[in-house]
Amino acid sequence: MAIKKLKTIQFKGKPYVEVKERLRHFRENYEGFSLESEIVKITDTVIVIKATIKDASGRIIASAHAMEEKGNGYINETSMVENCETSAYGRALGNLGIGIDGAVATYDEL
């Protein structure tokens, strides 16, 4: 598999590869792999999602969790679930080594 430099933006002075770029790279280069999400906890005000990446044989090769609170930021006012799933995906893809140079962090964490 050819290593292609992913599109990076500057956010608060740090390079960051957006989750959409990580997902695109994953879908283009990891044929047969899956990216799955599971709600671990959900209440009226908080959600925790686990994202899991499996290889073509179903073996887990990376996973990550994310947590979001309703009303914590503009997006979480109406889209807490979707935002949390995107964060969990980004972290799992980072744990797989896609789109990171150092630490695994989401856009919101930066």
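Rounding to the nearest 0.5 Å gives a distance of 11.5 Å between CD of Glu82 and OG of Ser87. Here Ile9 contributes atom CD1 and Glu21 contributes atom CD; the two are 9.5 Å apart, rounded to the nearest 0.5 Å. Of the inter-residue distances, the one linking Thr86 atom OG1 with Lys20 atom NZ reads 12.0 Å to the nearest 0.5 angstrom. Interatomic distance, Thr52 OG1 to Asn95 CG, rounded to the nearest 0.5 Å: 10.5 Å. To the nearest 0.5 angstrom, Ser79 atom OG is 8.5 Å from Tyr74 atom OH. The line from CG of Leu96 to NE2 of His25 is 8.0 Å long, rounded to the nearest 0.5 Å.
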Next item on the list: Evaluate the side-chain contact (heavy atoms from CB on, under 4.5 Å) criterion for residues Tyr30 and Ile53: first the C-alpha distance (whole Å), next the side-chain angles of each, then the deciding distance (0.1 Å), finally the verdict.
Entry: CA-CA 10 Å; Tyr30 291 81; Ile53 298 172; over 6 Å; no
Margin query: I'd like to know whether Glu69 forms a side-chain contact (heavy atoms from CB on, under 4.5 Å) with Asn76, so could you lay out the CA-CA distance, the side-chain angles of the two residues, the decisive distance to 0.1 Å, and finally the verdict.
Written below: CA-CA 7 Å; Glu69 295 178 275; Asn76 282 353; 5.5 Å; no
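Judged purely by atom type and a 3.5 angstrom limit, Thr8 uses its side chain to pair as donor or acceptor with the backbone of Leu6.
The nearest pair of heavy atoms linking Arg91 to Ala64 is CB-CB, 3.5 Å. A pairwise comparison of heavy atoms in Ala62 and Ala92 identifies CB-O, 3.8 Å as the closest pair. When all heavy atoms of Cys84 and Ala66 are compared, the pair lying nearest together is SG-O, 3.3 Å.
Counting heavy-atom neighbours within 6.0 Å of Ile61 CD1, excluding the residue itself, gives a total above 12. Counting non-hydrogen atoms of other residues, nucleotides and ligands closer than 6.0 Å to CD of Glu31 gives a total of 12 or fewer.
Within the structure, every pair that satisfies the salt bridge (Lys or Arg N to Asp or Glu O under 4.0 Å) test and touches residues 34-44, not counting sequence neighbours, is listed here: Glu36-Lys54.
In the hydrophobic clustering of ILVMFWY residues, with side-chain heavy atoms under 4.5 Å counting as a link, Tyr16 and Leu23 come out together.
Through direct or indirect side-chain contacts shorter than 4.5 Å among Ile, Leu, Val, Met, Phe, Trp and Tyr, Ile39 is connected to Ile42, Ile47, Ile49, Met80, Val81.
Applying the side-chain hydrogen bond (donor to acceptor under 3.5 Å, both in side chains) test to Asn72 and every residue at least two apart in sequence or in another chain returns nothing.
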